[in-house]
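Keep in mind it's a predicted model, so treat the numbers as computed, not measured.
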Amino acid sequence: MNRVNQMRRFFLLINIVLLTACTSQNVLFFKELDAPPVHKNIYPNEHVIRVYLDRYGDLYPEGENRIPSQAVVLLEKNEPAAVGNVLSAFYEQADICLGDNSPIASMMCPVNGSPIYPYEENKENCDAGYTKNQRVLDVWRSVQDILWAQKIEEVISSQAKLNGPVVLLIHGFNVPDAEPSYVIARSQVRRFLPQGLQPLFIQIHWDGLSGFPVPWAKAQFNAPLVGLKLRRLLNSINGSVPVRILTHSSGGIVAASLIGDASQSLPCANAKEGVYHEYRKWASLVNNTAPLSIYRVPAHLTDFRVGMLAAAAPEVAFGGRNEGKGVLISSGRLIFGMNPSDEIVTKGFNLESWDFLGNTEMATGGKAFAAFYTLQKKLALTHPALELVGINFADSQGCNKRGRFAFWRESHDFSAYLCRDQIELFMQFLL
């Protein structure tokens, strides 16, 4: 290894170790909601639905249900229990409760246009220890039911007009704006789809935190909540419709939580965050297979494939350590695009299996692809109808990106993976 490479890897490792204990910024989407969507669909007759999710996997209200941007900022800085409180305060401040007849406002302002106030006892239920804070939280969950129903209706009605697959795109951490990479992803999907098929793209924009670089160990708290909430979307799709999921980096953890129980790969989710209501909810539902549950694992899909480029997740996220953990779908295809030369997920020194820094071994396959082969053996025994494919992306040519720290982006960037030599083989297995 030459001296330049040594210095570069040392600098990378030091930054990751130091920032593991630092607080990253939340990725907020109110600016994207304000921007007109017409400029984003650059290809004619392209069908794209965008889903904006906060760090708990909750939908951002859009259109007539919009929330003032200041509320969104504060919402992301508060603990989950403060969700409804922040929203209520800003509904009052913005006079949204006055003269607004939207379904959301009517729920948040139920009594004579007055908002629900936080941390006050509800005298009708005080004997049960029920507070207005909990009441607000219950209302916010009802608001989410409305928002998800609206989004699901948009997906169902759009898919009914098309003859191609539903394609979910899920970015990773440290992506303040996924749109440029998603444009390339959509282009590559159309390139390799059989001619004449019109896909429905569903772009998932989720709060993967931002910072340089992002410490996986801290940021991985968000992914399981997002994966769980996205089950509502997939469970609404007819089982005969082909569904494809394309992820990059820690979008792979989102996918793992979407199709199974990845809890054994996220020990910290059972620590401090385990006391928060959203994590308690996640823990109770993550291995749900009940046929009527909106949070059930989407096992009804008969033509289902998940392609993960540099999946920054440990093997146990998919294989589990014991029965009932890991992947819970029984059929379909999982494709792992792995790259032992990716200096981001190896942390520069083949440290992809270090839990302290966030385990990212499935992005590289592990040492000599040991993690991939371990997963392959597990699933062959427990999921014989589930096909597992591994593609080595090492030593391939990607897009040439210029600018500051370009060598890191060329190694790991979503758009760089999408134009590497092996992407054609990857897409053939995925589509």
Side-chain angles (χ1 to χ4, degrees), residues 16 170 172-173 215-224 226-228 245-270 286-287 297 305-347 349-394 412 417 426 429-430:
I16 291 177
I170 307 177
F173 288 133
W216 288 278
K218 187 176 183 64
Q220 282 176 346
F221 290 134
N222 298 18
V226 173
L228 177 70
I245 300 179
L246 173 60
T247 78
H248 172 249
S249 192
S250 292
I253 307 178
V254 176
S257 294
L258 202 164
I259 63 175
D261 182 352
S263 59
Q264 290 181 331
S265 68
L266 300 163
C268 291
N270 298 315
V286 68
N287 58 0
V297 174
R305 302 174 189 176
V306 182
M308 292 163 279
L309 293 168
E315 178 272 325
V316 293
F318 302 93
R321 293 193 181 94
N322 52 334
E323 188 176 354
K325 301 295 183 180
V327 173
L328 295 177
I329 58 172
S330 58
S331 62
R333 179 183 295 167
L334 305 182
I335 308 104
F336 288 89
M338 301 171 289
N339 184 6
S341 302
D342 187 325
E343 293 182 312
I344 297 296
V345 290
T346 63
K347 292 87 170 178
F349 289 91
N350 298 321
L351 303 178
E352 58 267 37
S353 298
W354 279 30
D355 291 335
F356 167 65
L357 299 177
N359 191 313
T360 56
E361 63 188 359
M362 289 307 297
T364 67
K367 187 176 181 180
F369 299 102
F372 176 79
Y373 291 133
T374 297
L375 178 61
Q376 191 175 49
K377 291 177 182 178
K378 286 182 180 179
L379 295 184
L381 294 174
T382 59
H383 300 69
L386 182 63
E387 185 180 359
L388 190 67
V389 178
I391 300 174
N392 185 359
F393 272 72
H412 186 67
Y417 269 93
F426 181 92
F429 277 106
L430 176 60

Undergrad: Could you tell me if the ring centre of F318 sits under 6.0 Å from that of F336?
TA: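 Yes.
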
Undergrad: Using a 4.5 Å cut-off on heavy atoms from C-beta on, say whether the side chain of L430 contacts that of V306.
TA: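 No, too far: nothing below the 4.5 Å cut-off.
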
Undergrad: Which atoms form the tightest heavy-atom contact between R321 and K325, and what is the distance?
TA: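 So the two residues come closest at N-CB, 4.5 Å.
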
Undergrad: OG1 of T364 to CE of M338: how many Å apart, nearest 0.5 Å?
TA: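 Those atoms lie 8.5 Å apart.
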
Undergrad: Are the side chains of V327 and I329 in touch, meaning some heavy atoms are under 4.5 Å apart?
TA: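 Yes, at least one pair of side-chain atoms sits under 4.5 Å.
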
Undergrad: Please report the interatomic distance CG(L388) to CG(L379), rounded to the nearest 0.5 Å.
TA: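 Here the interatomic distance stands at 6.0 Å.
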
Undergrad: List the atom of P340, the atom of F369, and the distance in Å for their closest heavy-atom pair.
TA: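 For P340 and F369, the tightest heavy-atom pair comes out as CG-CZ, 3.7 Å.
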
Undergrad: For A394 and N339, which heavy atoms make the closest approach, and how far apart are they?
TA: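 Closest heavy-atom pair between A394 and N339: CA-OD1, 3.2 Å.
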
Undergrad: Closest approach of V345 and A312, non-hydrogen atoms and distance?
TA: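 Residues V345 and A312, closest heavy atoms: CG1-CB, 4.4 Å.
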
Undergrad: Side-chain contact test, heavy atoms from C-beta onward, threshold under 4.5 Å: evaluate it for L334 versus V389 and give yes or no.
TA: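 A side-chain contact under 4.5 Å is absent here.
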
Undergrad: Main chain of G172, side chain of S249: is a donor-acceptor contact present, judged purely on distance under 3.5 Å?
TA: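 Side chain of S249 to backbone of G172: no pair is present.
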
Undergrad: If the plane angle is over 60° it's perpendicular, under 30° parallel, otherwise tilted; pick one for Y417 and H248.
TA: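 Judged by the thresholds at 30° and 60°, the geometry between Y417 and H248 is tilted.
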
Undergrad: Provide the closest heavy-atom pair for A262 versus A256 in the form atom of the first, atom of the second, distance.
TA: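 Distance-wise, the nearest heavy atoms are CB-CB, 4.0 Å.
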
Undergrad: Can you find a heavy atom in the side chain of L375 that is under 4.5 Å from one in the side chain of V316?
TA: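 A side-chain contact is absent here, since even the closest heavy-atom pair is not under 4.5 Å.
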
Undergrad: Is there a donor-acceptor pair under 3.5 Å between the side chain of E361 and the backbone N or O of E315?
TA: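 Side chain of E361 to backbone of E315, a donor-acceptor pair under 3.5 Å: yes, one is there.
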
Undergrad: Report the distance from atom CG of L246 to atom CD1 of I170, rounding to the nearest 0.5 Å.
TA: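 Here the interatomic distance stands at 9.0 Å.
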
Undergrad: Mind checking the CG-CG spacing from L328 to L258? Nearest 0.5 Å is all I need.
TA: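 The CG atom of L258 is 11.5 Å from CG of L328, to the nearest 0.5 Å.
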
Undergrad: To the nearest 0.5 angstrom, please state how far the CG atom of L309 sits from the CZ atom of F426.
TA: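 Interatomic distance, L309 CG to F426 CZ, rounded to 0.5 Å: 4.0 Å.
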
Undergrad: CZ/F173 to CD1/I253 distance, rounded to the nearest 0.5 angstrom?
TA: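 Going from CZ on F173 over to CD1 on I253, the span is 5.0 Å.
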
Undergrad: A side-chain contact here means heavy atoms from C-beta on lying under 4.5 Å apart; do M308 and M362 qualify?
TA: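 They are not in contact (no side-chain heavy atoms under 4.5 Å apart), so the answer is no.
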
Undergrad: Where the side chain of K378 meets the backbone of G320, is there a donor-acceptor pair that is under 3.5 Å apart?
TA: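 Yes; judged by distance alone, with no hydrogens or angles, the pair exists.
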
Undergrad: Tell me which pairs pass side chain to side chain donor-acceptor pair (under 3.5 Å) where either residue lies in residues 327-337, with sequence neighbours left out.
TA: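 Listed by first then second residue: R333-E387.
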
